[in-house]
J.: 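First the structure, which I've put down as structure tokens, then a few questions once you've had a look.
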There are 2 protein chains.
Amino acid sequence: MAPKLRLRLTFDNGLILGPGKADLLQGIAEEGSISAAGRRMKMSYKRAWMLVEDMNAAFVSPLVESSRGGQKGGGASLTDAGEAVLAEFRSLEAMVLERGAPQIATLSAMLSDIPAQK
Amino acid sequence: MAPKLRLRLTFDNGLILGPGKADLLQGIAEEGSISAAGRRMKMSYKRAWMLVEDMNAAFVSPLVESSRGGQKGGGASLTDAGEAVLAEFRSLEAMVLERGAPQIATLSAMLSDIPAQK
DNA sequence: GATCGTTATGTTTGACAAAACATATCACTG
DNA sequence: CAGTGATATGTTTTGTCAAACATAACGATC
């Protein structure tokens, strides 16, 4: 019933931070692997890895650290910076849903419930 | 210096309301014409018109009313519903910038100022 | 009734993003 | 030292969205 919110920040250095990268960070934190996180959100490993690369390059300190080889083949996890970025972004989203409820409700009330067929 | 914010709402009926449609509504209000609004934001008339069609179809009451012919060829303007939708969306954006300042500042401070070349 | 700028659509083309496919590398373990 | 599963990249193909192009209709005014 509630509309979905998508919040996207375009920073001066070119980084675009939105739901996709945030979800990916969260997936890596929970799965311990870039490829597992990618699989979970039905994203190719290559794409997931490119997003990680983008983020790591855009911050002074990388958000994801990864290792290759070993008995499990390797893995990845969030650095402190990564955890912080994720937390701030989620905090922003939550704040908007909370404090933006009136506007969102007003807009929702004006909508037709008939989905526009393409 | 300040990052750009893009807020997008995906409603249950399929409508996606973001900066593009909001700017277009504002342009129509200020220019009195879909094509003039489109020109102003360097968007083809066709695209502008399609966005208007999307919005009009998604709400119980159309947001833009238009007329054809006449000495000036025609024109378009926002209905009360259109004005209301635009106002609510702008209000949401302003609120996020205001109350999200802390999070945005934290994220900005962590960024590298070196733009990642493609 | 010719002119004008706009609304209203359809069709084709092109650009770019995402997917698909294909390897190479790594390091731990048995 | 062979096997394993993940990281790390390059290349090719596909799909989708936007731009470009092309017309028709409209109606007040002169």
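Just so it is clear: chains get the letters A, B, ... in the order the sequence lines come, proteins before strands, and each one is counted from 1.
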J.: Please list, one pair per line, the donor and acceptor atoms closer than 3.5 Å that link side chains of residues 59-75 of chain A to other protein atoms, with sequence neighbours excluded.
T.:
none

J.: Check this one for me: any side-chain N or O of B/S66 less than 4.0 Å away from OP1 or OP2 of C/dA8?
T.: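 Checking C/dA8 against B/S66, a side-chain N or O does come within under 4.0 Å of OP1 or OP2.
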J.: Taking CG from A/L51 and C1' from C/dA19, how many angstroms apart are they, rounded to a whole number?
T.: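 Interatomic distance, CG of A/L51 to C1' of C/dA19: 14 Å.
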J.: Taking only side-chain nitrogens and oxygens of B/W49, does any of them come within less than 4.0 Å of OP1 or OP2 of C/dA8?
T.: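 Yes, such a contact exists.
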J.: Using the side chain to side chain contact (heavy atoms under 4.5 Å, CB included) criterion, which residues pair with B/Y45? Sequence neighbours excluded.
T.: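 Here the qualifying residues are B/I34, B/S35, B/W49.
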J.: With the side chain counted from C-beta on, respond yes when A/R6 and A/K4 share a heavy-atom pair under 4.5 Å apart, and no when they do not.
T.: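 When only atoms from C-beta onward are counted, A/K4 and A/R6 do not touch, as no gap falls below 4.5 Å.
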J.: Cut-off 3.5 Å, no hydrogens considered: what does the side-chain donor-acceptor table look like for residues 95-106 of chain B, sequence neighbours left out?
T.:
unit_1: B/Q103; atom_1: NE2; unit_2: A/S91; atom_2: OG; d: 2.7
unit_1: B/T106; atom_1: OG1; unit_2: B/P102; atom_2: O; d: 3.0

J.: Tell me every residue that passes side chain to side chain donor-acceptor pair (under 3.5 Å) with A/E83, counting only those two or more places apart in sequence or in another chain.
T.: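 Checked A/E83 against side chain to side chain donor-acceptor pair (under 3.5 Å); zero matches.
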J.: Applying salt bridge (charged side-chain N to carboxylate O under 4.0 Å, His left out) as the test, list every pair that has at least one member in residues 14-37 of chain B; sequence neighbours left out.
T.: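 Counting only pairs at least two positions apart or across chains, the salt bridge (charged side-chain N to carboxylate O under 4.0 Å, His left out) contacts touching residues 14-37 of chain B are B/D23-B/R90, B/E30-B/R40, B/E31-B/R40.
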J.: Looking at residues at least two apart in the chain, or sitting in another chain, which of them share a side chain to side chain donor-acceptor pair (under 3.5 Å) with B/D12?
T.: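 For B/D12 there are no side chain to side chain donor-acceptor pair (under 3.5 Å) partners, ignoring immediate neighbours.
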J.: Return whichever of A/G74 or A/E53 has its heavy-atom-nearest nucleotide of DNA chain D closer to the 5' end.
T.: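 With A/G74 and A/E53 compared, the 5'-side residue is A/G74.
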J.: Hey, can you pull the residues of residues 30-47 of chain A with a non-hydrogen atom under 4.0 angstrom from DNA chain D?
T.: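 Close to the strand are A/S33, A/I34, A/S35, A/Y45, A/K46.
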J.: Contact between A/L9 and A/L15 at the side-chain level, heavy atoms closer than 4.5 Å - yes or no?
T.: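 A side-chain contact is absent here, since even the closest heavy-atom pair is not under 4.5 Å.
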J.: Can you give me the N/O atom pairs linking the protein to nucleotides 25-30 of chain D at distances under 3.5 Å, or say none if there are none?
T.:
unit_1: D/dC26; atom_1: O2; unit_2: B/G69; atom_2: N; d: 3.1
unit_1: D/dG27; atom_1: O4'; unit_2: B/G70; atom_2: N; d: 3.4
unit_1: D/dG27; atom_1: N2; unit_2: B/G70; atom_2: O; d: 2.8
unit_1: D/dG27; atom_1: N3; unit_2: B/G70; atom_2: N; d: 3.1

